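Structure first, then comments.
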Amino acid sequence: MPATPLHYPVAWGLSKLNKRLNLPGLIVGSFIPDIEVPILFLFFNIGIDNHFILHSLVGALTIGTLISTLATVLLYPILASLLFQLDKAKVKEVCKLTPALVLSCLLGNVFHILLDLPMHPYSLILWPFVDPNSIVGVLVLVFAVDGDIKRGFLIANILTNLIMGLFMVAIVIKSRRNLWEQVIVGK
Ligand SMILES: [Zn+2]
């Protein structure tokens, strides 16, 4: 997977594409699917490579959106003020429960799965309807020289992280005035 924070540029990009979307909701939504990775790794032996229901569309549209909405409304303002010294009341105002916030959380989850898709040799996107191993990412296939899927995965992984990292740097440079306010709250 792209390292979880490297999903950020997609959230940021969506918030710029449609100003009615909510940046905190998009950010939290785009991070939430990966919370299952350590949980599955530590406690359960299900899914593939510690991906399971939160990496499926079924999960993203239900439990993923629900967790993200709760986290954005209840936790985000606290964390934003604690970690980045932002005005809690202002962040709370941006994070209040609205249809746009729920939609942003949902889109964050869905785009997380879509970004994971091309670079994995499997995908739970259509779980439980389609075998995850039958969905091989297009980037993996492109770089699977001599059919070496492992190598394809490695190169696709590095490339995706690199591209997202570059986007991240560009966003930081573009937002350098008032950095935290712009990248955490979006207004
Ligand atoms: Zn993921």
Side-chain angles (χ1 to χ4, degrees), residues 1-15 17 21-72 75-76 79 101-144 149-171 183-184:
M1 59 179 148
T4 309
L6 294 180
H7 282 272
Y8 178 89
V10 178
W12 187 86
L14 288 169
S15 79
L17 272 179
L21 291 174
N22 180 283
L23 182 63
L26 287 163
I27 295 171
V28 174
S30 71
F31 288 1
I32 281 297
D34 281 345
I35 63 167
E36 70 182 355
V37 174
I39 297 172
L40 293 171
F41 175 74
L42 290 173
F43 303 110
F44 303 97
N45 190 18
I46 47 174
I48 297 181
D49 204 13
N50 304 310
H51 280 189
F52 193 44
I53 188 163
L54 290 182
H55 281 82
S56 71
L57 281 178
V58 170
L61 299 177
T62 53
I63 177 172
T65 299
L66 179 68
I67 298 172
S68 309
T69 303
L70 289 173
T72 310
L75 292 178
Y76 199 89
L79 290 177
L101 181 122
V102 178
L103 177 66
S104 302
C105 288
L106 183 151
L107 288 174
N109 276 268
V110 169
F111 274 85
H112 177 110
I113 297 171
L114 291 179
L115 182 62
D116 277 0
L117 188 61
M119 52 155 299
H120 285 83
Y122 53 82
S123 173
L124 281 98
I125 187 166
L126 297 175
W127 178 89
F129 309 109
V130 176
D131 175 9
N133 287 305
S134 69
I135 305 176
V136 181
V138 64
L139 277 179
V140 177
L141 291 174
V142 166
F143 294 111
I149 293 288
K150 253 195 186 148
R151 186 199 292 184
F153 183 25
L154 179 70
I155 298 174
N157 203 330
I158 293 171
L159 195 68
T160 307
N161 279 290
L162 199 69
I163 292 169
M164 286 299 130
L166 288 174
F167 273 123
M168 204 87 155
V169 173
I171 291 168
V183 298
I184 304 284

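Being a predicted model, the structure only gives us computed values, none of them experimental. One-based numbering, in listed order, for ligands and for the atoms of each.
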*the Zn ion (ligand 1) - closest N/O/S atom in Asp116*: OD2

*asked:* Applying side-chain contact (heavy atoms from CB on, under 4.5 Å), can you list everything that pairs with Pro132, at least two apart in sequence or on another chain?
replied: Ile48, Leu124

*For the Zn ion (ligand 1), does an N/O/S atom of His51 lie at less than 2.8 Å?*
no

*asked:* Using 2.8 Å as the threshold, say whether any N, O or S atom from His7 sits that close to the Zn ion (ligand 1).
replied: no

*Look at the rings of Tyr122 and Phe153 and say which category their plane angle falls in: under 30° parallel, 30 to 60° tilted, over 60° perpendicular.*
perpendicular

*For residues His55 and Val37, report the shortest heavy-atom separation together with the two atoms involved.*
CE1-CG2, 4.4 Å

_Only to 10 degrees, please: what angle do the NE2 atom of His112 and the NE2 atom of His55 make about the Zn ion (ligand 1)?_
100°

*Please find the N/O/S atom of Asp34 nearest to the Zn ion (ligand 1) and write down its name.*
OD1

_Smallest separation among heavy atoms of Leu101 and Thr72, with atom names_ = CD1-CG2, 3.7 Å

Report all side-chain donor-acceptor pairs from residues 56-71 shorter than 3.5 Å, counting only partners two or more places apart or in another chain.
residue, atom, partner, partner atom, Å
Ser56, OG, Ile53, O, 2.6
Ser56, OG, Gly59, N, 2.9
Thr62, OG1, Val58, O, 2.7
Thr62, OG1, Gly59, O, 3.3
Thr65, OG1, Ala60, O, 2.6
Ser68, OG, Gly64, O, 2.6
Ser68, OG, Asn109, ND2, 2.9
Thr69, OG1, Thr65, O, 2.7

